[in-house]
**Student:** 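Provided herewith is a single structure, encoded as structure tokens, for subsequent inquiry.
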Amino acid sequence: MVAAPEAKRPIPAATRLCAVPYTKGLHEIADGVWAYLQPHGGWGWSNAGLVTGDSTALLVDTLFDLRLTGDMLDAMRRVTPAAQQIDTVVNTHANGDHCYGNALLAGSDIIASARCAEEMKELPASAMAGVLRAAPTLGLAGEFLARIFEPFSFDGIETTLPTATFDGRLDLMVADRPVRLLEVGPAHTAGDVVVHLPDDGVVFTGDILFHRGHPIVWAGPVANWVGACERVLGLGASVIVPGHGPLATPSAVADLKGYFELLTTEARLRHDAGMTPLEAAQDIDLGPYAGWSEPERVVANVRALYRDFGDGSPADVVTVMGEMAILADRQSAS
Ligand SMILES: [Zn+2]
């Protein structure tokens with residue numbers, strides 16, 4: 001006898017979500033759907049997801065290096081036989097903490113937006129390893145990079161790019177479970193995608209949501225990220241799996257929208273007053289968002305907003321990293 005879909009996949013109540021602890025590893029969030037969480041969620045400590053059918057599975061994102069990704073795959077195989085057969089991997093975006101582990105899934109279909117696939121070629125793990133080897137010559141920025149990425153190992157990771165790409169939207173099935181890939185970028189990166197399970201009330205947002213941490217705008221425009229938040233909210237899901245941080249409800253996405261709206265207003269005032277992005281970042285009172293982790297990212301976000309305001313060419317990554325290092329040092333000293 002075939003169970004009715006409603007009986008097979010109950011949408012978890014908010015109370016069930018509240019009971020999910022923020023601990024490392026797999027957490028079942030709907031029948032046959034898991035989030036893989038990596039506290040503390042800071043630089044490089046990303047989340048991933050597993051969506052299963054009877055004898056097939058889809059993986060949402062790999063992790064920053066091969067050891068972490070291997071540990072995650074082992075944990076998945078222990079919890080469900082379907083994880084023996086990961087037929088499909090979806091990369092939500094091109095940052096290495098969501099795709100460098102692809103090398104362990106070279107036999108799977110790997111799907112990303114076309115813009116994401118292009119961006120993945122720009123900073124493969126081998127180039128990241130090179131940047132870290134050069135860190136001692138990069139001043140403050142180098143010290144900061146060496147510190148935040150010290151737990152990870154990028155040497156010897158083979159670049160494994162998507163085998164299929166799409167623009168806009170792609171509808172998939174994992175056995176009889178619909179899975180919708182929605183391109184909502186450019187925002188965090190050029191080709192951000194969220195993964196929506198409409199029958200389960202679940203969205204994997206990738207880094208469109210850093211829960212309880214500051215977002216970082218690598219691409220923008222910021223207004224487009226606000227639009228991405230609205231699209232996620234419009235899906236009506238009850239469980240949000242962020243790219244970093246603990247499991248969330250839609251209120252966290254609404255908070256992020258509020259953060260960007262406040263930051264846009266405050267950055268505009270300081271831009272018009274002639275402050276530099278670093279001066280503005282140090283001056284802005286973030287009110288209800290001031291307690292989020294990685295506050296040094298505010299300067300990168302203010303820089304992105306200045307760019308949106310038409311303020312010349314963007315700074316290079318080393319400059320932005322150097323400014324974040326200054327903010328991080330001040331904050332740890334205060
Ligand atoms: Zn990330």
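Atoms within each ligand, like the ligands themselves, are counted from 1 in listed order.
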**Student:** Any salt bridge between Arg115 and Glu119, counting N to O under 4.0 Å?
**Tutor:**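 Salt bridge flag = no for Glu119 with Arg115.
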**Student:** Go through it in stages, so that I can follow the logic: the residues are Leu50 and Val33, the test is side-chain contact (heavy atoms from CB on, under 4.5 Å), and I'd like the CA-CA distance, side-chain angles, deciding distance and then a yes or no.
**Tutor:** CA-CA 6 Å; Leu50 183 71; Val33 180; over 6 Å; no
**Student:** Picking from Thr160, Asn91, Thr163, what satisfies side-chain hydrogen bond (donor to acceptor under 3.5 Å, both in side chains) with Asn102?
**Tutor:**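 Testing Asn102 for a side-chain hydrogen bond (donor to acceptor under 3.5 Å, both in side chains) against Thr160, Asn91, Thr163 leaves exactly one candidate, Asn91.
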**Student:** Provide the protein N, O or S atoms situated under 2.8 Å from the Zn ion (ligand 1); waters are not included.
**Tutor:**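 Metal shell, protein only: Asp97 OD2, His98 NE2, Asp207 OD2, His244 NE2.
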**Student:** For the residue pair Arg147 and Trp43, would you count it as a cation-pi contact if the rule is NZ or CZ under 6.0 angstrom from the ring centre and within 45 degrees of the ring axis?
**Tutor:**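 Cation-pi check for Arg147 and Trp43: fails.
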**Student:** Taking Asp255 first and then Arg212, would you say they form a salt bridge - that is, a charged N and a carboxylate O separated by under 4.0 Å?
**Tutor:**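 Not counted as a salt bridge, because no side-chain N and carboxylate O are separated by less than 4.0 Å.
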**Student:** Salt bridge check, Arg270 against Glu279: does any charged N sit closer than 4.0 Å to a carboxylate O?
**Tutor:**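 No salt bridge links Glu279 with Arg270.
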